[in-house]
Visitor: 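I have a structure here, written as structure tokens, and I will follow up with some questions on it.
Protein chains get the first letters and strands the later ones, always in sequence-line order, with residue 1 at the start of each.
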There are 2 protein chains.
Amino acid sequence: MPELAVSTVIFTLRPDETGAMQLWLPAVKRIRSPFDGMWALPGGPLSEEEDLIAAASRTLLETTGLKPRYLEQLYAFGSLERSPGGRVVSIVYWALVAQNEIADAYECENVSWFAADNLPNLAFDHNLIVEYALSRLRNKMEYSRIAHGFLGDTFTMAQLREVYEAVLGRALDPGNFRREMESSGDLVATGERLIGTKHRPPQLYKYDTSVDLTDQGALPTFSEHSANSIKREKTA
Amino acid sequence: MPELAVSTVIFTLRPDETGAMQLWLPAVKRIRSPFDGMWALPGGPLSEEEDLIAAASRTLLETTGLKPRYLEQLYAFGSLERSPGGRVVSIVYWALVAQNEIADAYECENVSWFAADNLPNLAFDHNLIVEYALSRLRNKMEYSRIAHGFLGDTFTMAQLREVYEAVLGRALDPGNFRREMESSGDLVATGERLIGTKHRPPQLYKYDTSVDLTDQGALPTFSEHSANSIKREKTA
DNA sequence: GAATCTAAAAGTCAGTTAGACTCTAACTCT
DNA sequence: AGAGTTAGAGTCTAACTGACTTTTAGATTC
């Protein structure tokens, strides 16, 4: 029988040297064959008495110390050539963490973070998997509220826009972005303002319903398609 | 280790008593424990030297005689409670067949077709899986050209609209539907007309590029998001 | 403490689109 | 020949999108 494993592509946003937000993800150094010494996605074999998502959550915690706020199944990869040693079918999850939640994550010689657009050669078909996770993230960004997963409980409109811009890879018009977000009904103004900026203090917002963003249970969320969409804008 | 299986939810459209198109799907009678005698989705164990999609395709053919034109991975189901006998992780695919392609499909006491909205109690969590496949089908209908999978090589605008109406479960305005389809650039008029109708003979169309709709390889198609969308219309 | 800088937040405008609807064309059936 | 039917073209309006302008409210500078 093929071996069954779970892996997770987990994204966070952090500023690069220029201060622009970029997608980063952790990889784990392999310590055995095949691909010994190469970087790979965090993961591990599925345990006997464990749901798929529980396995993803556990292996992610064990290998990187991370507990994502958003975790969703991505795809099952099972082509014959993907593992030289022996047949492995991997159920891959993808996840988001806020930058302020990875403080206690491991950062040692066996775990390292890479910019998503500047990855090394990863073990197995993991580069391909990251590509697919990225396309899913970008796509989902346009019709859901997963941006939440990158942010703290409260955030300014500019911070939210920064997330969208970083993930979609293009600038968005601040006024139009605000209009769309406000009309979506997903945001609630807290009444508080962020002080200490060198300009007019911005309103702090939070997401209205305290929907649990974690994809609990094996069952995917059904009605994921909302009218809210961020499309191309030409403002460069 | 958990057992690994593949199953497929395969849809077709056929007219009900009133002539309205409805979604139907085949189920296979189980001949062993657990759920002996109950209807279940076609599928079977993954073979040692076989890609996931190849396994889906093979088990579907073996159990029902069907060769779908469209086959895509749906989800990996792996919760602990889903199979009473022993742990089974199922990688589920979903598929479409045109009605005229199921002529040579088995129709015996062990394979039976059911209306998707009037299913019996299926084995395992298969009712849940069908629900999810339905939601995926409806969603994908709005931004892709999978309607193709239900139709022959050429079709009239009314036939195409009938597919959309049946899947989405609501009437669409013929004029607006035509406008949207024509502006999408996906259709090509063949120049031929369908004769023998009791009214003005309609133009026959086909899909422009001969894109292979079968999801070959383990890798899902990446850029699946097109601008073309069929949304709610109030015409009852 | 007034002028200046910055980004927040509100508002404007034109081009595009979606939905509801009307009208004519082209065939078959009686 | 006239009635029935759907094809297919076209019209109208409200809503939406993207680009842009103006005003507001703080911090910083002089």
Visitor: Which nucleotide sits closest to the side chain of R179(A): dG8(D), dG18(D), dA10(C)?
Guide: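 The answer is dG18(D).
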
Visitor: Specify the separation, in whole Å, of atom CE of M181(A) and atom C1' of dT17(D).
Guide: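 M181(A) atom CE is separated from dT17(D) atom C1' by 14 Å.
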
Visitor: Could you tell me whether the side chain of Y93(B) reaches within less than 4.5 Å of the side chain of E72(B), counting heavy atoms only?
Guide: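 Counting from C-beta outward, E72(B) and Y93(B) never come under 4.5 Å.
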
Visitor: Please check the phosphate of dA9(C) (OP1 and OP2 only) for any side-chain N or O of R193(A) closer than 4.0 Å.
Guide: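 Checking dA9(C) against R193(A), a side-chain N or O does come within under 4.0 Å of OP1 or OP2.
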
Visitor: Could you state the atom-to-atom distance from CG of N176(B) to P of dG10(D) in whole Å?
Guide: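 Going from N176(B) (CG) to dG10(D) (P), I get 15 Å.
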
Visitor: Have a look at T197(A) and say if it touches a base, only the backbone sugar-phosphate, or nothing, with a 4.0 Å heavy-atom cut-off.
Guide: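 The residue T197(A) makes sugar-phosphate contact but no base contact.
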
Visitor: Provide, to the nearest angstrom, the distance between the CD atom belonging to E162(B) and the P atom belonging to dA7(D).
Guide: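 Result: 10 Å.
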
Visitor: Starting at the 5' end of DNA chain D and moving along, which residue's nearest nucleotide shows up first, G175(A) or Y205(B)?
Guide: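 Between the two, 5'-proximity favours Y205(B).
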
Visitor: Out of dG8(D), dA27(D), dA9(C), which has the shortest distance to the side chain of K198(A)?
Guide: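 Per side-chain heavy atoms of K198(A), the pick is dA27(D).
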
Visitor: Between C1' on dC16(D) and CZ on R178(A), what's the gap in Å once rounded to a whole number?
Guide: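 Atom CZ in R178(A) sits about 19 Å away from atom C1' in dC16(D).
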
Visitor: L194(B) has an atom CG; how far is it from atom P of dG8(D), in whole Å?
Guide: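 Roughly 10 Å, once rounded to whole Å.
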
Visitor: Grab the CD-C1' distance between E182(B) and dA18(C) for me, whole Å please.
Guide: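 Rounded to the whole Å, the gap is 16 Å.
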
Visitor: Please tell me whether Y132(B) and W94(B) form a close aromatic pair, meaning their ring centres lie under 6.0 Å apart.
Guide: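 Not close enough - the centres of the two rings lie 6.0 Å or further apart.
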
Visitor: Walk me through whether F77(B) and I129(B) qualify under side chain to side chain contact (heavy atoms under 4.5 Å, CB included).
Guide: CA-CA 8 Å; F77(B) 293 83; I129(B) 292 177; 3.6 Å; yes

Visitor: Counting only side-chain heavy atoms from C-beta out, which of dG26(D), dG18(D), dA7(D) sits nearest to H199(A)?
Guide: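 Among the listed nucleotides, the one closest to the side chain of H199(A) is dG26(D).
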
Visitor: Could you tell me whether a side-chain N or O of R193(B) sits under 3.5 Å from a main-chain N or O of P201(B), the two making a donor and an acceptor?
Guide: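 Flag set: sc R193(B) to bb P201(B) pair under 3.5 Å.
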
Visitor: Would you mind reading off the distance between M157(B) atom CE and dA9(D) atom C1', rounded to a whole angstrom?
Guide: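 It is 12 Å, rounded to the nearest whole Å.
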
Visitor: From the set dG8(D), dA25(D), dA20(C), return the single nucleotide nearest to any side-chain atom of P201(A).
Guide: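 From the listed options, dA25(D) comes nearest.
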
Visitor: Taking only the side-chain heavy atoms of R200(A) (C-beta and beyond), determine which of dA25(D), dG8(D), dC21(C) contains the nearest atom.
Guide: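 When the side chain of R200(A) is considered, dA25(D) is the closest of dA25(D), dG8(D), dC21(C).
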
Visitor: Whole-Å distance between dC27(C) P and L204(B) CG?
Guide: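 Taking atom P of dC27(C) as the reference, CG of L204(B) is at 14 Å.
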
Visitor: Quick one: which of dC21(C), dA19(D), dT28(D) gets closest to the side chain of D173(A)?
Guide: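 Nearest to the side chain of D173(A) among the choices is dA19(D).
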
Visitor: Among residues at least two apart in sequence or on other chains, which ones pass ring pair (Phe, Tyr, Trp, His ring centres under 6.0 Å) with W24(A)?
Guide: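 Testing W24(A) for ring pair (Phe, Tyr, Trp, His ring centres under 6.0 Å), a comparison that skips the adjacent residues, returns none.
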
